[in-house]
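Indexing begins at 1, ligand by ligand and atom by atom, following the structure's order.
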Amino acid sequence: MKKRVVIVGSGLAGSFLALLLQDDCMVTVLTKGKINESNSMLAQGGIAAVMSENDSFASHIQDTLAAGSFHNNVDVVEAVVKKGPQILRELINLGLCFDQDESGKFLYGMEGAHSQRRILHSGGDQTGRVITSFVQGKWQNVEIIEDAYVVDLLKRDEKACGLTCGLIYLDQKECWQKILADKIIIATGGIGGLFPYTSNDKTLAGDGLALAMRAGAQAKDLEFIQFHPTILSVNSRCCGLVSEAVRGDGARLVNDLGEYFMEEVHPLGNLAARDIVSQEVYQQTLNGQKVFLDIAGVQNFAEHFPTIDQNLKSYGFKIEEDHLIPIQPGAHFFMGGIKINLSGATSIPHLYAIGEIACSGIHGANRLASNSLLEILVFAKQIAMDIKVKDFSLQDKIIEETEEIEIIPNLPAMQELHKRAWEALGIVRKTNKMKDFLVWLERFSVVEKIPRNWSKKEIECYNLCQIACDITKMALARKKSLGAHYVL
Ligand code: SIN
């Protein structure tokens with residue numbers, strides 16, 4: 001009898017894992033929206049990997065550690081950097097294409113804090129979409145349930161400290177459903193939905209972290225949230241990423257006084273690590289300056305960055321005329337998350353986590369650009385291996401959750417939560433703001449089980465309050481600035 005594996009999330013992490021397991025297990029992928037809605041689909045930069053003879057593992061490892069302020073788990077960094085290229089070669093052998101020159105050599109891109117050109121990209125700035133769609137296109141035995149909003153894990157035995165054996169979700173019609181499994185993998189992506197300014201897909205709201213923590217899973221490094229410095233700004237709204245690869249191809253940050261300010265701030269200038277650039281852009285805006293990305297020096301912009309070009313056109317920008325893209329920083333990537341080991345296992349037996357919602361320790365205090373897709377490929381392999389070798393079934397031992405809810409808390413207005421989260425947990429953090437936020441949040445964080453009469457919107461809001469609370473506690477506990485956690 002094949003094991004039943006349920007994967008929550010359909011970005012590259014969930015999709016690649018489903019592909020690796022489909023022949024050996026009964027695999028179901030539940031996804032909150034549609035299978036093509038994820039941060040992976042929006043990943044523009046590419047995938048960092050040591051594939052060229054001019055590059056070395058030692059150099060990629062060093063860049064990853066330096067960007068992460070040496071808060072990284074060195075064993076994980078080494079494993080990902082060394083194992084990643086082989087998995088990429090396997091995918092290339094299966095037919096995955098990366099951009100090449102006329103002689104068939106890969107065109108390596110450059111991004112912040114890399115000491116080498118080592119970013120493989122596909123379709124210019126469409127790498128995430130190309131890889132994720134490629135992997136999904138190879139599915140043969142994968143059951144997909146779209147519009148499934150996973151709410152809580154079911155436990156095997158309340159006394160046996162949370163052995164996973166199923167989960168409950170709200171289906172498309174907002175009816176409660178239950179699904180049993182031998183193994184569950186949380187691959188729900190990041191937490192951009194906590195903030196008013198973000199590059200993330202609209203479905204990303206930290207749900208996987210909230211439900212795992214409600215089930216008792218350990219979390220790690222929640223205070224480290226990466227802000228991307230260059231998101232297209234239209235009427236102060238974030239309207240799509242402008243990839244760091246654009247700066248890798250010669251774009252420069254400039255303010256409305258005409259000052260190319262990054263060149264004064266850091267020896268790596270416009271390609272300094274993302275935390276440093278975001279903090280400087282933020283400072284410029286606090287000083288009343290508008291900030292732009294000057295793309296005058298970028299050759300063949302529309303050809304190399306078709307997604308960004310299309311997006312600019314859709315907002316009416318005629319970028320070939322003035323070369324200035326208005327930008328602002330926003331929440332981009334979550335370095336923290338559900339704590340996992342090298343096999344992707346969480347602290348709850350039979351529960352795994354992968355991708356942005358997991359914290360393997362590879363990224364430390366600030367992720368090196370384009371390392372996340374590589375991490376996903378390596379951890380999907382690790383988890384698939386772990387699941388294949390372990391042999392047991394828990395499905396028949398499920399304990400029904402009771403539906404009794406003692407306290408039904410009020411929920412805040414989402415706009416108010418966004419505003420307060422940005423003030424307290426944004427690019428520059430102040431202790432008093434974080435303390436005030438925590439006091440405010442604690443009014444909302446009292447349930448352990450989600451009331452069955454809540455809608456998806458209410459549960460999402462509650463989940464965001466819950467994770468905001470945990471993030472703020474960890475941020476307050478880290479008194480000194482480190483990487484993306486910048487305290488004044
Ligand atoms: C970007 O293209 O700037 C983002 C890539 C990444 O987050 O690694």
Side-chain angles (χ1 to χ4, degrees), residues 11-13 38-49 60 63-64 67-68 80-81 84 98-99 107-114 117-132 189-192 197-201 204 224-233 238-253 262 268 270-278 281 293 295 298 301 304-312 325 327-335 355-357 362-364 366-377 483-484:
L12 183 63
S38 63
N39 271 356
S40 301
M41 285 286 188
L42 302 179
Q44 294 179 351
I47 180 157
H60 191 182
D63 291 348
T64 302
V80 170
V81 166
F98 290 104
D99 297 339
L107 288 166
Y108 295 105
M110 184 67 173
E111 288 183 66
H114 282 274
R117 294 191 81 89
R118 65 164 70 92
I119 322 289
L120 287 173
H121 46 86
S122 205
D125 57 7
Q126 302 171 70
T127 314
R129 178 171 299 279
V130 170
I131 306 184
T132 311
I191 60 160
Y197 311 116
T198 178
S199 62
N200 284 194
D201 186 85
L204 274 291
F224 298 115
I225 299 166
Q226 183 175 78
F227 297 89
H228 198 293
T230 60
I231 303 179
L232 174 65
S233 177
C238 281
C239 294
L241 191 66
V242 182
S243 174
E244 204 162 277
V246 181
R247 275 175 283 141
D249 272 9
R252 298 158 73 200
L253 285 157
M262 273 319 294
L268 291 174
N270 293 284
L271 288 176
R274 213 167 270 173
D275 53 338
I276 294 164
V277 183
S278 291
V281 171
L293 197 59
I295 60 158
V298 180
F301 178 80
H304 288 173
F305 303 105
T307 311
I308 302 169
D309 186 61
Q310 261 322 106
N311 190 39
L312 287 166
I325 304 175
I327 54 94
Q328 65 181 85
H332 180 61
F333 189 89
F334 190 35
M335 275 74 69
E356 194 172 342
I357 206 60
I362 183 185
H363 305 303
N366 177 45
R367 180 177 59 95
L368 182 67
S370 288
N371 262 357
S372 42
L373 298 182
L374 193 73
E375 180 200 17
I376 283 171
L377 297 185

| request: Could you tell me whether a side-chain N or O of Asn311 sits under 3.5 Å from a main-chain N or O of Cys239, the two making a donor and an acceptor? | output: yes

| query | For Gly46, does its backbone N or O pair with a side-chain atom of Ser370 as donor and acceptor, under 3.5 Å? | reply | yes

| said: Checking the N or O distance criterion of under 3.5 Å, is ligand 1 in contact with Asn371? | reply: no

| query | Between Asp249 (side chain) and Val298 (backbone), is there a donor-acceptor pair under 3.5 Å? | reply | no

| N or O contact, Gly45 vs ligand 1, cut-off under 3.5 Å | yes

| task | Output yes when a side-chain donor or acceptor of Asn366 lies under 3.5 Å from a complementary backbone atom of Gly68, and no otherwise. | result | no

| said: For atom 2 (O) of ligand 1, what's the nearest protein heavy-atom neighbour? Residue, atom name and distance, please. | reply: Ser243 OG, 2.6 Å

| message | If the cut-off is 4.0 Å to any non-hydrogen atom of Glu244, which atoms of ligand 1 fall inside it? | response | 1 (C), 2 (O), 3 (O)

| note | Quick look: His121 vs ligand 1, heavy-atom contacts under 4.0 Å, and the answer is neither

| Closest approach of any protein heavy atom to atom 4 (C) of ligand 1, naming residue and atom | Arg274 NH2, 3.5 Å

| query | Any N or O on His332 sitting closer than 3.5 Å to an N or O of ligand 1? | reply | yes

| Sidechain-backbone polar pair: Gln226 side chain, Arg367 backbone, donor-acceptor under 3.5 Å | yes

| Any donor-acceptor N/O pair, Asn39 side chain to Asn200 backbone, under 3.5 Å | no

| field | Residue portion contacting ligand 1 (non-hydrogen atoms closer than 4.0 Å) for Leu241 | value | side chain

